[in-house]
Amino acid sequence: MSGKHQHFKGPEVSCCVKYFLFGFNIVFWLLGAAFLAIGLWAWAEKGVLSNISSITDLGGFDPVWLFIVTGAVMFVLGFAGCIGALRENTTLLKFFSVFLGLIFFLELTAGILAFVFKDWIKDQLNFFINNNVKAYRDDIDLQNLIDFAQEYWSCCGAHGPNDWNLNIYFNCTDSNPSRERCGVPFSCCVKDPAEDVPNTQCGYDVRLKLELEQQSYIYTKGCVGQFEKWLQDNLIVVAGVFVAIALLQIFGICLAQNLVSDIKAVKANW
């Protein structure tokens with residue numbers, strides 16, 4: 001009978017899964033921190049951090065919220081996944097999986113509701129754009145966002161140039177003393193390829209002209225319709241991006257759950 005003892009190798013935590021999940025999340029953690037820093041810097045520049053109550057003063061949407069919320073979510077997820085994987089902490093890994101699963105569920109629900117209630121979503125988009133048209137001059141970030149959208153989609157207002165009557169600087173009332181009265185922002189103007197520097201006064205008095213004449217100077221289609229058309233034209237690309245994000249989320253959940261199973265198996269063998 002041999003005196004040698006046979007050693008059986010017990011379960012181990014997969015180093016590949018552990019460090020891949022760690023690397024995967026440290027990128028998100030750093031990106032989240034960067035987004036948060038940009039958002040907080042933008043608020044500091046606008047004096048929001050020194051007067052927190054001013055957050056609710058803006059009538060429209062503050063684009064800085066995109067950086068703050070996205071950054072916060074990415075930072076929390078990245079922290080939980082990164083530290084959870086590195087320290088083999090099942091609580092943080094479970095939190096990471098549940099949080100990511102909740103985000104995935106909310107995205108899926110939003111996608112289904114957007115498809116089922118298309119008309120309602122269209123009405124809400126129209127309301128959202130018009131609400132921000134009113135606040136166009138109140139916040140420089142909002143102004144830049146609206147200008148970008150109108151230039152990118154070659155549109156003006158939610159349904160057309162006359163939506164700019166909602167803004168106190170651009171409306172056509174006789175009591176409006178603004179030089180921009182009966183005009184539109186320069187981002188509504190049809191671009192002249194020969195111009196290197198945009199003419200910021202190109203929209204002045206343009207709505208005093210007949211509608212057919214306006215078409216030579218400004219975009220006359222609304223942004224709701226143009227956005228809808230852009231979605232239809234780029235449906236495959238948009239769907240591909242959402243599917244890729246969903247697969248990335250599922251992949252992250254699977255990695256975290258696999259690592260939790262490995263850690264539990266090792267602890268059970270102690």
Going from [atom1] on [X] to [atom2] on [Y], what distance comes out if it is rounded to the nearest 0.5 angstrom?
X      : Y      : atom1 : atom2 : result
Phe99  : Phe104 : CZ    : CZ    : 15.5 Å
Leu259 : Leu93  : CG    : CG    : 5.0 Å
Trp230 : Asp233 : CH2   : CG    : 10.0 Å
Glu228 : Ile121 : CD    : CD1   : 11.5 Å
Cys82  : Trp29  : SG    : CH2   : 5.0 Å
Phe186 : Lys191 : CZ    : NZ    : 7.0 Å

Locate the shortest heavy-atom distance separating [X] from [Y]; write the atom from each residue and the value.
X      : Y      : answer
Asn126 : Ala158 : OD1-CB, 3.2 Å
Thr91  : Asn89  : N-OD1, 3.0 Å
Phe61  : Trp65  : CE1-CB, 4.2 Å
Ala135 : Leu142 : O-CD2, 3.5 Å
Ile103 : Gln249 : CG2-NE2, 3.6 Å
Gly183 : Arg207 : O-NE, 3.1 Å

Testing the 3.5 Å rule here: is there a donor-acceptor pair between the side chains of [X] and [Y]?
X      : Y      : value
Gln257 : Ser97  : yes
Asp147 : Tyr136 : yes
Glu180 : Gln201 : no

Flag yes if [X] and [Y] sit in one hydrophobic cluster, no otherwise; membership is Ile, Leu, Val, Met, Phe, Trp, Tyr, and two members link when side-chain heavy atoms are under 4.5 Å apart.
X      : Y      : answer
Ile250 : Phe242 : no
Ile146 : Tyr204 : no
Ile129 : Phe127 : no
Ile263 : Val266 : yes
Val206 : Leu166 : yes

Verdict with supporting geometry, Asn171 and Trp164, side-chain contact (heavy atoms from CB on, under 4.5 Å)
CA-CA 6 Å; Asn171 71 58; Trp164 284 96; over 6 Å; no
Please determine if [X] and [Y] form a salt bridge, counting it only when a charged side-chain N lies under 4.0 Å from a carboxylate O.
X      : Y      : value
Asp262 : Lys267 : no
Asp141 : Lys46  : yes
Asp163 : Lys134 : no

How about Phe67: does its CZ atom have over 12 heavy atoms from other parts shown lying under 6.0 Å from it?
no
Tell me, yes or no, whether the heavy-atom count around Gln124 atom CD, taken from other residues, nucleotides or ligands under 6.0 Å, exceeds 12.
yes
Hits for disulfide (SG to SG under 2.5 Å) against Cys254, two or more places apart or cross-chain, chain-then-number order -> none
Examine distances only and state if a side-chain atom of [X] and a backbone atom of [Y] form a donor-acceptor pair shorter than 3.5 Å.
X      : Y      : answer
Asn144 : Ile140 : yes
Asn132 : Phe128 : yes
Asn176 : Tyr169 : yes
Asn234 : Val237 : no
Gln214 : Lys209 : yes
Gln150 : Ser187 : no
Arg181 : Phe170 : no
Asp205 : Leu208 : no
Asn25  : Leu21  : yes

Pairs in or reaching into residues 103-149: which pass disulfide (SG to SG under 2.5 Å), with residues at least two apart or in two chains?
none
The test is disulfide (SG to SG under 2.5 Å); show your working for Cys189 and Cys202 and say whether it passes.
CA-CA 6 Å; Cys189 296; Cys202 59; 2.1 Å; yes
Do [X] and [Y] have side-chain heavy atoms sitting under 4.5 Å apart?
X      : Y      : value
Asn165 : Cys172 : yes
Leu40  : Phe35  : no
Val64  : Asp139 : no
Trp43  : Ile68  : yes
Lys221 : Lys229 : no

Apply side-chain contact (heavy atoms from CB on, under 4.5 Å) to residues Phe20 and Leu255 and explain how you reach the verdict.
CA-CA 9 Å; Phe20 188 85; Leu255 279 179; 3.5 Å; yes
Are we looking at SG atoms under 2.5 Å apart for Cys223 and Cys156?
no
Cation-pi geometry met for Lys94 and Phe96 (6.0 Å, 45°):
no
Per side chain to side chain contact (heavy atoms under 4.5 Å, CB included), Thr109 is matched among Leu113, Leu106, Ile112 by Leu113
Look at the rings of Phe148 and Tyr152 and say which category their plane angle falls in: under 30° parallel, 30 to 60° tilted, over 60° perpendicular.
parallel
Take the angle between the ring planes of Phe79 and Phe75 and call it parallel below 30°, perpendicular above 60°, tilted in between.
parallel
With side-chain contact (heavy atoms from CB on, under 4.5 Å) as the test, would you mind laying out the steps for Tyr219 and Val190 before giving the verdict?
CA-CA 6 Å; Tyr219 304 122; Val190 176; 4.0 Å; yes
